[in-house]
Amino acid sequence: MTARSVERYNPRVEEPRWQKLWEERQSFVVRNDDPRERYYVLEMFPYPSGRIHMGHVRNYTMGDVLARYMRARGKNVLHPMGWDAFGLPAENAAMQNKVPARDWTYANIAAMRKQLKAIGLSIDWTREFATCDVDYYHQQQKLFLDFLEAGLVTRKKSKVNWDPVDMTVLANEQVIDGRAWRSGAPVEQRELTQWFLRISDYSEELLAGLDGLDGWPEKVRIMQRNWIGKSEGLRLLFELVADAYAGQQNIEVFTTRPDTIFGASFIALSPDHPLAERLAARDEELAEFIAEFRRQGTATETLEKAEKLGHFSGLHVKHPVRDGEVLPVYIANFVLMDYGTGAIFGCPAHDQRDLEFARRYGLPVIPVVLPDSADPRHFEIAGEAYTGPGSIYHSGFLDGLPIEAAKRAVATHFGARTVDNRPQGVVEVNYRLRDWGISRQRYWGCPIPVIHCEVCGTVPVPQKDLPVKLPEDIPVDKPGNALDHHPTWKHVVCPQCSRAAQRETDTMDTFVDSSWYFARFTAPDAETPTDPAAANAWLPVDQYIGGVEHAILHLLYSRFFARAMKKTGHLAVEEPFKGLFTQGMVTHETYRARNGDWLAPEEVVVETVGEARRARHVATGHPVAVGSIEKMSKSRKNVVDPDEIVATYGADTARWFMLSDSPPERDVQWTEAGIEGASRFLQRIWKLVNDAIGVFEQFPAPIPAAALVDEAFAEYRKVTHRAVARVAEDIEGLRFNRAVAQIYELTNSLARLASEETLQTSVSGAGAHISALREGVERLIQLIAPMMPHLAESCWSALGMKGLVADAPWPEADPALLIDSTVVVPVQINGKRRGEVVLPIGAPRELVEKEVLSLEAVSRMLAGNAPKKLIIVPDRIVNVVI
RNA sequence: GCGGGCGUGGUGGAAUGGUAGACACACAGGACUUAAAAUCCUGAGGGGGUAUCCCCGUGCGGGUUCGAGUCCCGCCGCCCGCACCA
């Protein structure tokens with residue numbers, strides 16, 4: 001080894017230096033008029049909670065590797081960052097700390113921006129915005145008004161969870177055991193008139209569009225498919241048996257199993273069904289039944305085991321296919337009003353819920369689907385309904401038909417009949433997807449730009465009066481909607497008739513804000529929501545990266561928004577995200593003290609004694625229980641602060657660790673050993689580069705071109721070129737853990753090449769040696785540049801390379817060096833490996849046979865006989881079958 | 001209940017149907033050192049032989065194949081999503 005003493009790499013000095021230089025040179029600022037091929041990488045933007053966490057580091061590092069790689073590949077790369085800045089936490093913080101929500105939010109943004117910059121992300125910060133910026137929500141209000149005009153918005157009554165203490169609407173997730181998560185007050189169901197985006201009009205399109213999204217994880221596509229929940233069936237009218245109860249002539253049900261109509265034994269209505277409500281007016285017991293149902297309804301999740309309960313209405317309907325027979329009408333707690341028609345017919349033999357209900361109320365169970373192998377004389381339904389395939393029986397004109405044919409026959413049958421001058425049965429497609437209620441009775445959100453006038457109704461705010469700005473002089477300690485409380489804000493005159501009128505005081509769901517921010521990044525200063533030319537040039541996002549927790553809502557809303565923005569002329573694309581990647585979480589061990597308190601990792605020392613791991617509380621010396629590995633969370637205290645990691649090890653070490661080992665879609669476990677290992681590797685590269693520089697200084701003579709082909713060092717060059725090719729493939733496939741392994745292999749190889757021993761043996765071939773080393777080290781630095789960008793710049797500069805490695809093009813792998821001239825072919829006997837032969841690439845069959853049969857192991861096993869069969873997969877494997 | 005995914009050394013994980021365990025972490029031994037840290041070298045799936053050989057081995061049981069971690073069938077376990085959707 002050359003005696004060249006070098007200090008350890010110091011990220012605390014080097015990292016800020018390069019960050020400053022990138023910023024000064026505007027290395028990552030992107031221009032819309034750049035003629036090169038475009039590539040748009042986006043990570044889900046963060047909520048400005050105040051501090052970044054390791055999940056952010058992982059997410060943004062992955063995106064950054066891709067962005068830096070694509071830039072090296074000569075693409076014009078858009079890699080922006082912004083803030084999903086509206087929402088409840090700011091209001092809660094405002095109340096707790098007596099700070100305006102706005103101030104709290106912008107202070108958090110400033111803090112987090114600083115943290116993100118310290119990670120060395122190659123972001124175009126000139127495009128940054130927050131959704132709470134007046135300009136952003138101004139554009140969003142324009143979008144809303146365009147949607148309103150295009151018929152994409154509607155206003156209707158809807159049930160909401162109402163917290164009577166905080167005086168606000170709660171999301172379902174904010175209701176725990178029927179109580180508000182913050183105030184603890186029992187939640188009430190209220191009917192409010194709310195604004196809705198008509199996403200359900202796009203159910204079919206959103207469903208069909210999933211088929212084309214082959215850059216998405218299958219899991220997410222399935223989740224969206226289930227969420228949209230398409231089902232095809234029949235809407236069917238049952239005639240009420242003449243009853244004193246006037247007005248209601250029939251009951252309409254929706255069924256996906258019209259083939260089982262002969263097995264019907266009751267009708268069930270939702271307690272929320274209009275007929276049920278009317279019946280309750282004359283039936284006290286029913287009224288009590290419905291009231292009880294409503295009380296249970298708020299106690300949400302517990303109804304998974306709720307019993308199937310019903311109340312007989314006293315009414316009957318005519319059986320539509322069994323002449324002279326009637327079916328009883330029940331009000332039942334398991335029928336949902338907001339799916340189908342809020343009414344069903346029950347066929348207990350072939351539906352588990354209906355069966356449980358029938359058993360409870362002594363209703364008939366008539367099997368009408370016969371499993372293919374079953375005997376009709378003995379087939380019976382006991383505890384479980386039969387929902388499998390078979391043929392229809394006990395069913396008059398349907399007898400003998402398979403299920404699907406029977407469905408069609410029933411549809412035809414009822415389609416031809418009329419009740420009330422309507423066809424009795426109509427084929428219908430139903431979706432579970434509901435319209436998207438966007439009204440929130442909150443202050444810290446985008447105001448809905450509408451004015452309510454007693455005479456003119458709801459009047460859109462005229463474009464010239466936009467933006468509708470949030471008032472800043474609001475009390476910070478009063479619960480409820482500050483816009484509603486504000487003394488003057490809501491009092492305006494009607495833009496149409498000039499009479500006194502009121503502003504809409506609801507603001508928009510924050511999911512609206514995040515449904516189009518990716519489009520705004522393409523022209524963040526445009527006077528309109530988008531600059532369509534820019535948006536259409538950049539979109540769809542080539543690679544979107546974020547957590548799987550947004551698999552449904554955010555991603556579905558964004559897909560809807562793209563379509564709505566297309567309809568209103570703001571975009572031309574329908575699918576906003578071409579590629580989607582959902583990364584895993586960052587986890588950590590949990591620690592608990594004797595008294596059950598959670599302990600933070602820095603409060604605990606873990607020792608390994610042989611096989612066992614023991615933990616001890618630093619402060620008290622008491623033993624600590626090492627618990628399960630969980631997602632990092634404040635409540636379990638198993639968090640590691642990115643700032644501290646960056647301060648101790650540097651950003652590159654944190655980035656490298658986040659990319660190593662675990663496949664990016666899986667959870668990664670944060671460990672002290674892991675981060676230490678990453679840090680060591682960083683130093684190892686620094687040392688390798690400096691060792692190499694020492695070698696170059698020993699042999700300063702120019703390298704003759706002929707030396708480059710020296711056989712002695714061709715192997716090392718192959719390792720280099722293979723790494724170049726494989727790392728590129730792995731980054732493009734987002735297999736960062738494999739790219740990392742390739743880089744380790746290359747580093748190990750180069751360390752041998754730079755070693756004293758190798759140097760001793762290469763005196764005659766010094767030129768070849770040095771050129772192989774030079775090439776290897778330069779390539780290595782380029783390969784690590786997307787992952788450890790600061791270290792890469794430091795090495796690049798130490799090697800005397802011109803310019804920044806951030807600006808260097810991705811190296812080309814020489815195809816000739818990716819192929820070996822010989823290959824080691826394993827030889828199997830009856831599928832078991834017994835030896836190997838070295839063969840030239842593409843060796844002719846005769847040569848392979850000769851080599852294989854002359855193997856000692858083979859001739860021993862053959863014992864003079866000829867093999868039964870010789871399977872030769874060229875250049876891969878040989879199998880001798882005896 | 002329905003849908004999806006996963007199961008490989010002490011650990012994280014590699015492996016177009018073709019040498020299972022790449023690469024890393026942890027561990028053990030050695031070198032250097034007064035010592036430690038750092039660094040470097042070596043070892044290692046399990047068992048036997050201890051020579052370079054043999055047997056077993058990817059949750060379990062079958063199957064397809066010259067050949068299965070990989071494909072098919074049936075189980076077991078874990079994780080995630082949805083959940084009275086007619």
Side-chain angles (χ1 to χ4, degrees), chain A residues 1 8 217-227 229-231 233-234 253-258 260 268 270 301 303-308 332-336 338-347 350-354 356-357 384 387 430-432 548-549 551-552 584 608 610-613 657 660-663 665-669 671-678 680-681 683-684 687 735 737-748 751 755-756 824-836 856-857 867-873 875-882:
Chain A
M1 204 79 52
R8 285 170 63 80
E218 187 57 21
K219 176 190 165 97
V220 174
R221 292 200 283 172
I222 289 167
M223 282 165 72
Q224 292 214 350
R225 236 172 245 136
N226 293 342
W227 189 261
K230 180 179 185 172
S231 61
L234 193 69
V253 307
F254 176 73
T255 178
T256 55
R257 292 299 301 272
T260 63
S270 166
E301 315 301 314
L303 40 85
E304 73 189 67
K305 279 189 183 146
E307 279 188 277
K308 312 278 175 280
N333 67 349
F334 65 91
V335 182
L336 305 174
D338 60 0
Y339 187 79
T341 61
I344 61 159
F345 82 75
C347 176
H350 304 293
D351 183 290
Q352 190 59 31
R353 285 162 322 183
D354 295 350
E356 285 170 35
F357 190 80
E384 269 190 42
T387 55
N430 251 301
Y431 299 90
R432 275 180 46 202
V548 73
E549 67 272 19
I552 298 175
T608 309
E611 301 277 285
R613 295 180 72 241
F657 178 46
S660 307
D661 292 351
S662 288
E665 68 278 9
R666 281 198 222 167
D667 290 353
V668 64
Q669 192 191 343
T671 61
E672 189 71 11
I675 190 73
E676 292 278 357
R680 244 177 282 138
F681 182 63
Q683 297 296 344
R684 218 176 134 216
K687 182 169 175 297
R735 295 179 294 261
N737 57 320
R738 295 211 312 200
V740 163
Q742 294 297 339
I743 289 170
Y744 272 114
E745 248 168 286
L746 175 58
T747 306
N748 291 343
S755 74
E756 182 73 9
V824 178
V825 175
V827 177
Q828 297 180 327
I829 298 171
N830 289 340
K832 267 186 199 285
R833 184 183 175 283
R834 297 293 169 177
E836 57 190 35
E856 194 268 331
K868 252 191 216 151
K869 212 171 176 185
L870 201 59
I871 302 202
I872 298 173
V873 183
D875 303 334
R876 299 294 314 240
I877 200 162
V878 175
N879 192 7
V880 186
V881 185
I882 295 175

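Note: hydrogens, waters and symmetry copies are ignored here, and every other heavy atom, side chains too, is used. The chains referred to below are lettered A, B, ... by the order of the sequence lines, with proteins before strands, and numbering in each begins at 1.
Rounded to whole Å, the separation between the C1' atoms of B:rG67 and B:rG18 comes to 7 Å. Between B:rC80 and B:rG30, the distance separating the two P atoms is 46 Å to the nearest Å. Taking atom C1' in both B:rG9 and B:rG5, the straight-line distance is 24 Å, to the nearest Å. Separating the C1' atom of B:rC56 from that of B:rG49 is a span of 15 Å, rounded to the nearest Å. The P atoms of B:rU42 and B:rA22 are separated by 15 Å, rounded to the nearest whole Å. Here, B:rC76 and B:rC60 have their P atoms 15 Å apart, quoted to the whole Å. As rounded to the nearest Å, B:rU16 and B:rU50 have C1' atoms that lie 39 Å from one another. A distance of about 33 Å separates the C1' atoms of B:rA51 and B:rC32, rounded to the whole Å.
When heavy atoms are screened at a 4.0 angstrom cut-off, A:Val668 is found touching no nucleic acid atom at all. Within the 4.0 angstrom heavy-atom criterion, only backbone atoms of the sugar-phosphate kind lie near A:Ser662; the bases stay farther away. Note on A:Gln828: a base of the nucleic acid sits closer than 4.0 angstrom, heavy atoms only. Within the nucleic acid shown, A:Asn737 comes within 4.0 Å of sugar-phosphate atoms alone, with no base atom in reach, counting heavy atoms only. As judged by a 4.0 angstrom heavy-atom cut-off over every strand, A:Arg225 is placed among residues making no nucleic acid contact. Residue A:Asp351 is classed as having no contact, given no heavy-atom separation below 4.0 Å to the nucleic acid. Using a 4.0 Å heavy-atom distance criterion, A:Ile222 is classed as a sugar-phosphate-only contact. At a threshold of 4.0 angstrom between heavy atoms, the contacts of A:Val881 are confined to the sugar-phosphate backbone, with no base atom among them. Across all strands shown, A:Asn430 has no heavy atoms under 4.0 Å from either base or sugar-phosphate atoms.
With hydrogens and angles ignored, a donor-acceptor pair closer than 3.5 Å exists between the side chain of A:Lys308 and the base of B:rC84.
Side-chain N/O atoms of A:Asn748 include none lying less than 4.0 angstrom from OP1 or OP2 on B:rC23. In this model, the phosphate group of B:rA86 is approached by a side-chain N or O of A:Tyr339 to a distance below 4.0 Å at OP1 or OP2. An OP1 or OP2 oxygen of B:rC79 is reached within less than 4.0 angstrom by no side-chain nitrogen or oxygen of A:Arg666. Neither OP1 nor OP2 of B:rA83 sits under 4.0 Å from any side-chain N or O of A:Asn226. Taking only side-chain nitrogens and oxygens, A:Lys869 comes nearer than 4.0 Å to OP1 or OP2 of B:rC66.
Of the nucleotides present, B:rG43 is the one that pairs with B:rC27 by Watson-Crick or G-U wobble criteria, both distances under 3.5 Å. Nucleotide B:rG74 is matched to B:rC60 when pairs are restricted to Watson-Crick or G-U wobble geometry with both distances under 3.5 angstrom. Across the strands present, B:rG9 finds no partner; the criterion is a Watson-Crick or G-U wobble pair with both atom distances under 3.5 angstrom.
When distances are taken from the side chain of A:Val824 to each of B:rA86, B:rA24, B:rU19, the shortest belongs to B:rU19. You'll find that the side chain of A:Tyr744 is closest to B:rA24, out of B:rA24, B:rA86, B:rA22. Side-chain proximity of A:Arg680 to B:rA83, B:rU39, B:rC84: nearest is B:rU39. With distances taken from any side-chain atom of A:Arg876 to the nucleotides B:rA24, B:rC85, B:rG18, the minimum falls on B:rG18. For A:Leu336, taking side-chain heavy atoms from C-beta onward, the closest of the listed nucleotides B:rC85, B:rG18, B:rG13 is B:rC85. Of the candidate nucleotides B:rG81, B:rU19, B:rC84, B:rG81 has the atom lying nearest to any side-chain atom of A:Met223. You'll find that the side chain of A:Phe334 is closest to B:rC84, out of B:rG67, B:rC85, B:rC84.
Atom-to-atom, CD of A:Glu745 to C1' of B:rG21 comes out at 14 Å; the value is rounded to the nearest Å. Atom CD in A:Gln224 sits about 16 Å away from atom P in B:rG81, given to the nearest Å. Computed from coordinates, the A:Gln352 CD to B:rC85 C1' distance equals 16 Å when rounded to whole Å.
Heavy-atom nearest nucleotides on RNA chain B were determined for A:Ala673 and for A:Ala741, and the one closer to the 5' end corresponds to A:Ala741. Projected onto RNA chain B by closest heavy-atom contact, A:Arg833 and A:Tyr431 fall at different nucleotides, the more 5' of which corresponds to A:Arg833.
Scanning for salt bridge (Lys or Arg N to Asp or Glu O under 4.0 Å) contacts around A:Glu665 gives an empty result, with sequence neighbours left out. Partners of A:Asp351 under the salt bridge (Lys or Arg N to Asp or Glu O under 4.0 Å) rule, at least two apart in sequence or in another chain, are A:Arg353.
For the 3.5 Å distance criterion, the side chains of A:Arg221 and A:Asn226 fail to qualify, holding no donor opposite an acceptor.
The closest donor-acceptor contact from the side chain of A:Asn879 to the backbone of A:Gly831 lies under 3.5 Å. No donor-acceptor pair closer than 3.5 Å links the side chain of A:Thr260 to the backbone N or O of A:Cys347. In this structure, A:Glu356 contributes its side chain and A:Lys308 its backbone to no donor-acceptor pair below 3.5 Å.
In this structure B:rG9 sits in the syn conformation; its chi angle is within 90° of 0.
Between A:Gln352 and A:Glu384 there is a side-chain heavy-atom pair separated by less than 4.5 Å. At least one side-chain heavy atom of A:Met223 sits under 4.5 Å from a side-chain heavy atom of A:Ile552. By the 4.5 Å heavy-atom criterion applied to side chains, A:Phe334 and A:Asp354 are counted as neighbours.
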What pairs of nitrogen or oxygen atoms, one from the protein and one from nucleotides 50-58 of chain B, lie under 3.5 Å apart?
from, atom 1, to, atom 2, distance (Å)
B:rC55, OP1, A:Arg834, NH2, 3.4
B:rC55, OP2, A:Arg834, NH1, 3.1
B:rC56, OP2, A:Lys832, NZ, 3.2

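A:Tyr339 and A:Phe254 have perpendicular rings, their planes meeting at more than 60° on a 0 to 90° scale where under 30° would count as parallel.
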